Amino acid sequence: MIVTTAQLFKVAYGRFAIGAYNINNLEQCVGLFRGNLQSKAPFIIQISKGARKYTDKRFLEAIIRAADQIFPETIFAVHLDHGDEQSCMDCIKSGFYSSVMIDASHEPFEKNIEITKRVADAAHAKGLSVEAELGQLGGVEEDIVGSVKLTNPAQAVEFVERSKCDSLAVAIGTSHGAFKFKAEPGKKLGLHFEVVEKIRKLLPGFPMVLHGSSSVPKSEVERINAAGGKLKDASGVPEEDLAKAGKMGVCKVNIDTDGRLVWTRVHREFFRDFPEKFDLRDIGIPFMEEYAKMIAGKNQMLGSAGHLDEVRASLGKN
Ligand code: G3H
Ligand code: 13P
Ligand code: ZN
């Protein structure tokens, strides 16, 4: 069942985070639904601009609609990840999405507010909620390359009040991709929880979002490299940090890279071990299983596992 993102945040706030997983194709979608059902977790499906362009957005939307019918017990929200104003407006009009992210964090403060407010006004008129971003994560994000700029908590208050966004992606030291923590002189490695704590105090009850939250498990990287990959010095966010963030008002934790690593490991090992095979279904089957396993494990770690019935019971009460 597709629900609003706000409905999920209401149950999760201060207790656990909801996993927000990016998908691009059928196999990921099937693995995603199976993994969430196995772990009895509510979840968020994220579609990036790149995912919408990969084949055609209508394919992805149709796959998700089909999954909703095939897995009727699931409860999830559909979210546009890292939208610009145009893609946000397109998703708002489509009537399919629960929420959109307007990412104008690379713009100056006033311009970020201005753009976010326009999107929020349009979204609210249609019952969608809006995630915005203040600060900069660093790393690579579609066509934007940048360095880390932590979210300023006092600015966050003004930003939320004026932009009317419903949740805020905060920059606390994470970055996108598989190479998150590069040692640099004078730079503190790890997450800046003090920023989350300050925002929680200044904006009690207001949901925060953590991007760049893949853990890039060492074992996964080692298996990929042992099967011919070249992911040197890959690193991610320790899982215990994500669980901690979930108890501090971070309601949504974005994970994409870890899913890509599962895909890479399964495919590399398969072709190494079965060089004579060429039926794409022979590899799709283990991929869907492994992807589901990864999702279920993430939900356990985030604390969203086991909350499906509670969310279902809460739905009529909003
Ligand atoms: O934050 C970005 C997500 O990992 C989506 O990646 O834009 O390459 O689909 P993408
Ligand atoms: P990762 O690259 O750490 O998986 O982050 C994904 C993300 O933030 C999607 O918006
Ligand atoms: Zn992101």
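In listed order, ligands and their atoms are each counted from 1. Numbers here simply count residues along the sequence, with the first being 1. It should be emphasised that the depicted structure is a prediction, and the values quoted were computed from it without experimental measurement.
Each of the atoms 1 (P), 2 (O), 4 (O) of ligand 2 lies under 4.0 Å from some heavy atom of Thr257. For ligand 2, the atoms closer than 4.0 angstrom to any heavy atom of Ile255 are 4 (O). Short contacts between ligand 1 and Ser48, defined as distances under 4.0 Å to a heavy atom of the residue, involve ligand atoms 5 (C), 7 (O), 9 (O), 10 (P). The atoms of ligand 2 that sit less than 4.0 Å from any heavy atom of His176 are 2 (O), 5 (O), 6 (C), 7 (C), 8 (O), 10 (O). Counting atoms of ligand 2 from 1 in the listed order, those under 4.0 Å from a heavy atom of His211 are 8 (O), 10 (O). The Asn22 neighbourhood of ligand 1 comprises atoms 3 (C), 5 (C), with distances under 4.0 Å to a heavy atom of that residue. Close approach of ligand 1 to His82 is summarised as follows: ligand atoms under 4.0 Å from at least one heavy atom of the residue are 1 (O), 2 (C). The Gly177 neighbourhood of ligand 2 comprises atoms 2 (O), with distances under 4.0 Å to a heavy atom of that residue.
When you scan the N, O or S atoms of His82 for the one nearest the Zn ion (ligand 3), you land on NE2. For the Zn ion (ligand 3), the nearest N, O or S atom contributed by His176 is named NE2. Within His211, the N, O or S atom at minimum distance from the Zn ion (ligand 3) carries the name ND1.
Taking CZ of Arg312 as the reference point, atom OG1 of Thr74 lies at 8.5 Å (rounded to 0.5 Å). Distance check, rounded to the nearest 0.5 Å: OG of Ser39 to CE of Met301 gives 11.0 Å. To the nearest 0.5 angstrom, His82 atom NE2 is 11.5 Å from Ser87 atom OG. Note that OG of Ser163 and CD of Glu158 are 10.0 Å apart. Values are rounded to the nearest 0.5 Å.
Nearest protein neighbour of atom 8 (O) of ligand 2, counting heavy atoms only, is Gly212 N, 2.8 Å. Protein heavy atom closest to atom 9 (C) of ligand 2, with residue, atom name and distance, is Asp81 OD2, 3.2 Å.
Ion pair Glu222/Arg265 not flagged as a salt bridge, since none of the NZ, NE, NH1 or NH2 atoms sits closer than 4.0 Å to an Asp/Glu carboxylate oxygen.
You'll find the ring centres of His79 and Tyr97 outside the 6.0 Å limit.
Ligand 2 has a nitrogen or oxygen under 3.5 angstrom from a nitrogen or oxygen of His82. Inclusion of Asp256 in the set of residues having an N or O under 3.5 Å from an N or O of ligand 1 is warranted. Where the criterion is an N or O separation shorter than 3.5 Å, residue side chain and backbone included, Asn24 fails it with respect to ligand 1.
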> Is there a side chain to side chain contact (heavy atoms under 4.5 Å, CB included) between Ser214 and Ile255 once you walk through the steps?
Replying inline: CA-CA 5 Å; Ser214 280; Ile255 295 171; 3.6 Å; yes
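A perpendicular orientation is assigned to the rings of His211 and His176, their planes being inclined by more than 60° (bins at 30° and 60°).
For the residue pair Gln7 / Thr4, a side-chain donor-acceptor distance below 3.5 Å is found, with atom types taken as modelled.
Within 6.0 Å of atom CZ in Arg272, more than 12 heavy atoms from other residues, nucleotides or ligands are found, so the atom counts as buried in its surroundings. No more than 12 heavy-atom neighbours from other residues, nucleotides or ligands sit within 6.0 angstrom of CD on Gln86. Annotation for Phe271: atom CZ counts as buried by contact number, over 12 foreign heavy atoms lying within 6.0 Å.
In this structure, Lys180 has a heavy atom closer than 4.0 Å to ligand 2.
Geometrically, Lys298 does not engage Tyr21 in a cation-pi contact defined by less than 6.0 Å to the ring centre and at most 45° from the axis.
For Asn22, every heavy-atom contact with ligand 2 shorter than 4.0 Å involves the side chain, none the backbone. Neither the backbone nor the side chain of Thr257 has any atom closer than 4.0 Å to an atom of ligand 1 (non-hydrogen atoms only). At a heavy-atom distance under 4.0 Å, no atom of Ala178 approaches ligand 2.
For atom 10 (P) of ligand 1, the candidate residues are Lys49, Arg260, His176, Gln46; the nearest heavy-atom contact is made by Arg260.
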